[in-house]
Amino acid sequence: MARKGKVVIDRELCKGCLLCIRACPMKVLEKEESPNSTGSYPSKVVHLDKCIACGNCWEVCPDFCISIYDLEAAS
Ligand code: SF4
Ligand code: SF4
């Protein structure tokens, strides 16, 4: 069975560099259409059901905006 993950992005910390979107092998993330309070267009989670908790997005984020929960490890 594939690993299941939950990814959470702090949209106010995100500067919209899009590195996490490019790094995700499962196309879980997309760019938001509205800006945060700093004027950046942050990443958002659009296909949470596809997340496999690989950690790629977390690894490339320069600003520590991403938290990942491995739902299998937690159960
Ligand atoms: S943990 Fe992996 S699969 Fe889940 S959103 Fe991040 S890069 Fe994509
Ligand atoms: S890598 Fe981090 S700062 Fe860049 S878009 Fe993703 S969450 Fe935002």
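Remember, predicted model here, so these are calculated numbers, not experimental data. Excluded from the calculations below are hydrogen atoms, water molecules and symmetry mates; all remaining heavy atoms, backbone and side chain alike, are included. Counting convention: from 1, in listed order, for ligands and their atoms alike.
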Trainee: Give the residue and atom name of whichever protein heavy atom lies nearest to atom 4 (Fe) of ligand 1, and the separation in Å to one decimal.
Mentor: C51 SG, 2.4 Å

Trainee: With heavy atoms of G55 as the reference, note each atom of ligand 1 found under 4.0 Å away.
Mentor: 1 (S), 2 (Fe)

Trainee: Quick check on contacts: which atoms of ligand 1 are under 4.0 angstrom from a heavy atom of I68?
Mentor: 1 (S)

Trainee: Between W58 and M26, is there a shared hydrophobic cluster once you connect ILVMFWY residues whose side-chain heavy atoms come closer than 4.5 Å?
Mentor: yes

Trainee: I'd like to know if V28 and L18 are part of one continuous hydrophobic network [Ile/Leu/Val/Met/Phe/Trp/Tyr, side-chain heavy atoms within less than 4.5 Å].
Mentor: yes

Trainee: For atom 3 (S) of ligand 1, grab the closest protein heavy atom and report residue, atom and distance to one decimal in Å.
Mentor: I52 N, 3.5 Å

Trainee: Near atom 2 (Fe) of ligand 1, is there an N/O/S atom from C57 that is less than 2.8 Å away?
Mentor: no

Trainee: One pair to check against side chain to side chain contact (heavy atoms under 4.5 Å, CB included): L71 and R3. What are the steps and the verdict?
Mentor: CA-CA 8 Å; L71 299 181; R3 244 166 111 187; over 6 Å; no

Trainee: Mind checking whether I52 and L29 sit in one hydrophobic cluster, side chains of I, L, V, M, F, W, Y counted as touching below 4.5 Å?
Mentor: yes

Trainee: Indicate, with yes or no, if L48 and I21 share a hydrophobic cluster defined by side-chain heavy-atom contacts under 4.5 Å among Ile, Leu, Val, Met, Phe, Trp and Tyr.
Mentor: yes

Trainee: Is L19 reachable from I66 through a run of hydrophobic residues whose side-chain heavy atoms are each under 4.5 Å from the next?
Mentor: no

Trainee: Locate the shortest heavy-atom distance separating P25 from C54; write the atom from each residue and the value.
Mentor: CD-SG, 3.9 Å

Trainee: For ligand 1, which atoms have a heavy atom of C24 less than 4.0 angstrom away?
Mentor: 3 (S), 5 (S), 7 (S), 8 (Fe)

Trainee: Give me the protein N, O or S atoms that fall under 2.8 Å of atom 8 (Fe) of ligand 2, sorted by chain and residue number.
Mentor: C14 SG

Trainee: Give a yes or no on whether a salt bridge exists between R11 and E32, defined as a side-chain N under 4.0 angstrom from a carboxylate O.
Mentor: yes

Trainee: Any N/O/S of C54 under 2.8 Å from atom 4 (Fe) of ligand 1?
Mentor: no

Trainee: Which option wins on minimum heavy-atom distance to atom 5 (S) of ligand 1: V60, V46, V28, D70?
Mentor: V28

